[in-house]
Amino acid sequence: MEYVGWDDDAGELRSHFFGAGGEHLEYTYRVEGDLLTIWFGGTDSPARFEGRSSADGTVNEGAWEWPGGGYASTMTRAG
């Protein structure tokens, strides 16, 4: 289960993911033009996703990166 919402105190869009194994993961989101940035935790985290949206907004291509690793990611809008 993931809850996504605006954090008035921080002035940021945040999410809380609750996994079946009891894990609780937090993310912070920012959109600036065609750039989407998602941090694992707060904006000071070294673990983040950066991706750019296509001109029509249907595809976002980028990568998750963290110290020592990462992977490419493509998101496509459904329907």
Side-chain angles (χ1 to χ4, degrees):
M1 173 72 65
E2 184 173 17
Y3 294 96
V4 180
W6 184 256
D7 181 335
D8 281 330
D9 294 335
E12 296 174 327
L13 184 65
R14 296 216 174 149
S15 75
H16 296 266
F17 171 84
F18 300 91
E23 62 272 37
H24 173 211
L25 306 175
E26 297 182 37
Y27 297 90
T28 303
Y29 298 78
R30 184 174 295 154
V31 177
E32 297 171 316
D34 68 346
L35 177 64
L36 169 64
T37 306
I38 307 169
W39 290 269
F40 177 68
T43 57
D44 58 345
S45 173
R48 70 180 181 282
F49 170 85
E50 288 189 352
R52 297 219 174 254
S53 295
S54 60
D56 65 2
T58 61
V59 177
N60 184 289
E61 292 187 89
W64 276 98
E65 297 180 355
W66 56 85
Y71 61 90
S73 175
T74 299
M75 295 179 272
T76 304
R77 182 182 299 181

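Predicted model, so just to flag it, every value in this text is computed and none were measured. One is the number of the first residue; the rest follow in order along the sequence.
Within the structure, side chain to side chain donor-acceptor pair (under 3.5 Å) pairs that include any residue of residues 64-79 do not occur (at least two apart or interchain).
For the residue pair S53 and D34, no side-chain donor N or O sits within less than 3.5 Å of a side-chain acceptor on the partner.
Qualifying salt bridge (charged side-chain N to carboxylate O under 4.0 Å, His left out) partners for R14, counting only residues two or more places apart in sequence or in other chains: D7, E12. In this structure T43 satisfies the side-chain hydrogen bond (donor to acceptor under 3.5 Å, both in side chains) test with no other residue, sequence neighbours excluded. When the side-chain hydrogen bond (donor to acceptor under 3.5 Å, both in side chains) test is applied to D8, the partners found at least two apart in sequence or on another chain are W6. Among residues two or more places apart in sequence or in another chain, the side-chain hydrogen bond (donor to acceptor under 3.5 Å, both in side chains) test is passed with T58 by D56.
In the hydrophobic clustering, F18 connects to M1, Y3, either directly or through intervening members, whenever side-chain heavy atoms lie under 4.5 Å apart.
Rounding to the nearest 0.5 Å gives a distance of 12.5 Å between CD1 of I38 and CZ of R48.
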Validation: residues 22-33 side-chain donor-acceptor distances under 3.5 Å, sequence neighbours left out:
from : atom 1 : to  : atom 2 : distance (Å)
E23  : OE1    : G21 : N      : 3.1
H24  : NE2    : H16 : ND1    : 2.9
T28  : OG1    : G41 : O      : 2.6
Y29  : OH     : E2  : OE2    : 3.4
Y29  : OH     : S15 : OG     : 3.4

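Looking at S45, its side chain never comes within 3.5 Å of a backbone N or O of W39 through a donor-acceptor pair.
When the side chains of ILVMFWY residues are joined at heavy-atom separations under 4.5 Å, either directly or via intervening members, V4 and F40 end up in a single hydrophobic cluster. Side-chain heavy atoms closer than 4.5 Å link hydrophobic residues (I, L, V, M, F, W, Y) into clusters, and following such links, possibly through other members, connects M75 to L13.
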